[in-house]
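In what follows, a structure is listed as structure tokens, so that the remarks can point back to it.
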Amino acid sequence: MRCISVSFIPQEIYPVKTYVSEQLHKVIETLKQQQFLPEELSPQFTVERTRDKSHGDLATNLALTLAKPARSNPRQIAEKIVALLPGESAIKRVEIAGPGFINFFLDESWLAQQVKNALADPRMGVVRIQQPQTVVIDYSSPNLAKEMHVGHLRSTIIGDATARTLEFLGHRVIRQNHVGDWGTQFGMLLALMEERRQQGREISMELADLESFYREAKQRFDASPEFAVRARQLVVALQSGDETCLALWREFLAVSLSHCQKLYDRLGVSLGPDAVCGESAYNDDLPRVISDLDKAGLLTEDQGARCVFLEEFKGQDGTPLPMIVQKKDGGYLYATTDLAALRYRQNQLKAERILYFVDVRQSLHFQQLFAVARKAGFLAADTQTEHMGFGTVMGDDGKPFKTRTGGVAKLAELIDEAETRARALVAGKNPQMDTAELDEIGRVVGIASIKYADLSKNRSSDYLFSFDHMISFEGDTGPYMLYAYTRVASIFRKAGLDEKSITGEILLNEEIERELASSLIRFSEILTRVAERGTPHLLCGYLYELAASFSSFYKNCPVLGAESEPLRNSRLQLCQLTARILRQGLSLLGIGTLERM
RNA sequence: GCGCCAGUAGCUCAGUUGGAUAGAGCAUGUGACUUCUAAUCACAGGGCCGAGGGUUCGAAUCCUUCCUGGCGCGCCA
């Protein structure tokens with residue numbers, strides 16, 4: 001053990017991890033000069049936050065990784081390293097523990113200073129990115145022929161949270177809602193619209209329930225040969241630009257898009273009409289995609305279809321797998337459209353990074369898409385493309401989520417049910433609350449429940465959708481997060497204080513206060529990782545930890561009734577920062593907060 | 001057949017890319033509401049990390065072989 005002090009006083013939230021790691025690199029250089037380590041060695045070590053408080057706040061395994069090259073005992077190496085470390089005000093003391101870990105204990109006054117800095121910063125210590133990228137994010141992207149259903153939830157919600165996070169960090173985010181607004185299925189829909197209009201029925205009424213309209217069109221298509229013929233004619237007419245047909249199509253899209261927009265608005269999803277850039281937008285470009293693939297020497301005709309074969313994708317019996325870009329009847333496929341979209345995002349939108357929040361089952365498609373686009377020169381060499389795949393939404397029975405009647409669950413109905421359930425629970429807790437407030441709280445809590453349940457799970461695995469889990473108001477749920485926030489808010493309300501009006505020192509004498517403080521200064525680090533990996537569940541995990549830490553603080557450390565004025569002011573400031581980070585963090589998840597509930 | 005993903009407490013899930021005694025929530029048991037909202041807090045029990053083998057100071061994590069489940073694999077999107 002060794003005590004050190006002095007020197008470095010950070011002016012902003014300084015990633016202490018980075019600092020420690022830099023110092024360790026210097027120590028390695030010194031050890032090389034002393035010929036204790038071979039000159040060419042570049043050890044792979046980590047500096048990590050510890051899980052167990054008895055191991056300090058940070059730990060490094062450097063000594064362990066050096067044991068072999070230095071041909072020495074790890075604990076002895078650790079002692080050598082510690083002796084070479086400079087004094088540092090952020091670190092109170094350093095210990096060598098276990099097989100040779102070096103543990104760093106953060107200094108409370110340093111921690112307190114970090115909290116002060118975060119309080120003074122409108123961004124709560126979240127660093128603005130040094131080199132902003134233009135990031136195109138493809139998410140939600142429903143099929144406009146049908147109503148949005150539970151399957152669209154994950155893409156929409158996870159994509160949106162990632163978009164907000166990237167934006168907050170300072171990136172230029174361009175949202176792209178690649179809606180399915182083109183293709184053969186529109187033939188039968190237009191045919192049914194036409195038929196209804198001839199019968200003198202009001203189209204807007206007919207389209208009020210898109211799902212049943214689609215079902216009926218499908219039934220008619222299957223049952224009536226005349227209807228099917230008309231549907232096919234309409235597809236041809238649509239694709240050849242027939243005006244009356246296009247007018248009908250636009251009318252349908254307008255209804256379907258406004259239905260989507262209503263859901264986005266209800267869900268608090270930051271997608272608007274400006275983000276809509278559907279399949280039809282690329283229609284005119286598709287022949288050019290084919291000819292450009294041909295020019296690049298990638299096109300092969302096989303059994304009448306035009307394909308791109310790539311060596312790295314093998315299908316059955318080891319033969320290369322084709323990516324079909326044009327059918328033998330001349331029609332194009334989604335691969336063609338995706339290539340066109342990719343090129344548009346690169347050339348017109350100037351994307352430096354393109355993210356796709358699409359079902360993980362399409363991963364082969366995206367691997368092929370990216371590979372072909374690169375070979376064809378549709379992408380700049382340093383443009384990143386990532387398929388942010390997600391798993392299937394499952395029901396309680398472990399099978400893909402269905403309604404009680406076995407049908408696909410409409411998103412609108414799921415939201416209705418969540419709001420109703422949330423409202424009932426809130427009403428049970430607050431019998432005297434008036435109807436208007438109950439409605440509002442039920443709405444916010446219902447939406448928060450759905451979104452938090454989805455966002456808090458790892459993107460890539462399947463996800464079990466269960467109202468009972470998400471709306472039980474206990475533990476790691478949306479309502480818990482909102483409740484934690486209202487408790488902070490109630491302190492300020494009770495005291496009649498404005499959040500911003502408190503000053504004074506930050507005192508971290510209680511272990512709980514220290515824990516809360518160390519949670520509070522990690523916000524920036526977490527957001528960076530969410531943005532890198534498209535994983536909002538890390539933000540959920542962090543906010544839950546913060547909320548839990550606050551709840552414990554709230555219970556055990558009286559704020560308004562603190563024993564002294566300086567302590568009261570210190571705690572009020574911890575409350576203030578907690579409130580701001582919870583509010584900001586939830587807002588990045590697309591979840592609103594309530595002042596009381 | 002080939003390929004991708006998953007398998008962690010009774011249930012739902014984490015696990016910081018190889019670190020120390022594998023963590024949360026629900027459920028179960030115990031304790032705490034004249035106190036800033038008990039939608040909470042404190043504490044307890046609960047594990048062959050699907051199985052075997054390997055790599056090394058050290059493996060839930062990497063390699064390998066199996067088992068189980070899901071999903072892809074030529075003209076739908």
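Computed from heavy atoms alone, side chains included, the values below leave out hydrogens, waters and symmetry copies. Throughout, protein chains are lettered first and strands after them, A, B, ... in sequence-line order, and every chain is numbered starting at 1.
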Is [Y] paired with [X] through a side-chain N to carboxylate O contact shorter than 4.0 Å?
X         : Y         : answer
Arg568(A) : Glu563(A) : no
Arg443(A) : Asp439(A) : no
Asp397(A) : Lys399(A) : no

Residue pairs, two or more places apart or on separate chains, that pass salt bridge (charged side-chain N to carboxylate O under 4.0 Å, His left out) and touch residues 465-486 of chain A: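 The answer is Arg421(A)-Asp468(A).
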Return yes if some donor-acceptor pair links the side-chain N/O of Arg75(A) with the main-chain N/O of Gly98(A) below 3.5 Å, else return no. yes
Heavy atoms only, 4.0 Å cut-off, all strands: where does [X] land among base, sugar-phosphate and nothing?
X         : result
Val488(A) : nothing
Ala335(A) : nothing
Phe492(A) : nothing
Ala59(A)  : base

Can you find a side chain N or O atom of [X] that sits less than 4.0 Å from OP1 or OP2 on [N]?
X         : N      : value
Tyr334(A) : A77(B) : no
Tyr554(A) : U40(B) : no
Ser472(A) : A27(B) : no
Ser552(A) : A42(B) : yes
His469(A) : C13(B) : no
Lys429(A) : A39(B) : yes
Tyr480(A) : C41(B) : yes
Lys327(A) : C76(B) : yes
Asn458(A) : G15(B) : yes

Look at the side chain of Asn103(A) against the base of A20(B) and say whether a donor-acceptor pair falls under 3.5 Å; ignore hydrogens and angles. yes
Ignoring hydrogens and angles, does a donor from either the side chain of Arg51(A) or the base of U16(B) sit under 3.5 Å from an acceptor on the other?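 A donor-acceptor contact between them is present.
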Tell me whether the guanidinium CZ or amine NZ of Arg93(A) lies under 6.0 angstrom from the six-membered ring centre of Phe105(A) and within 45° of its axis.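 Flagged: Arg93(A) positioned over aromatic ring of Phe105(A).
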Mark yes or no: Lys457(A) above the aromatic ring of Tyr463(A), with NZ or CZ under 6.0 Å from the six-membered ring centre and no more than 45 degrees from the axis.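 No, Lys457(A) does not sit over the ring of Tyr463(A).
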Base paired to U64(B) (Watson-Crick or G-U; both N/O distances under 3.5 angstrom):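 Partner of U64(B): G52(B).
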Counter-base of G74(B), judged by Watson-Crick or G-U geometry with both distances under 3.5 Å: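 For G74(B), the partner nucleotide comes out as none, under the 3.5 Å rule.
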Tell me whether His537(A) is stacked on the nucleobase of A14(B), counting only the six-membered base ring and applying the 5.5 Å and 30° thresholds.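 A stacking contact does not exist, since His537(A) is not both close and nearly parallel to the base ring of A14(B).
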Verify stack between Phe101(A) ring and A20(B) base, 5.5 Å, 30 degrees: yes
Protein heavy-atom contacts under 4.0 Å, written 5' to 3' over nucleotides 54-59 of chain B as B (base), S (sugar-phosphate only) or - (none), form the string --SS--
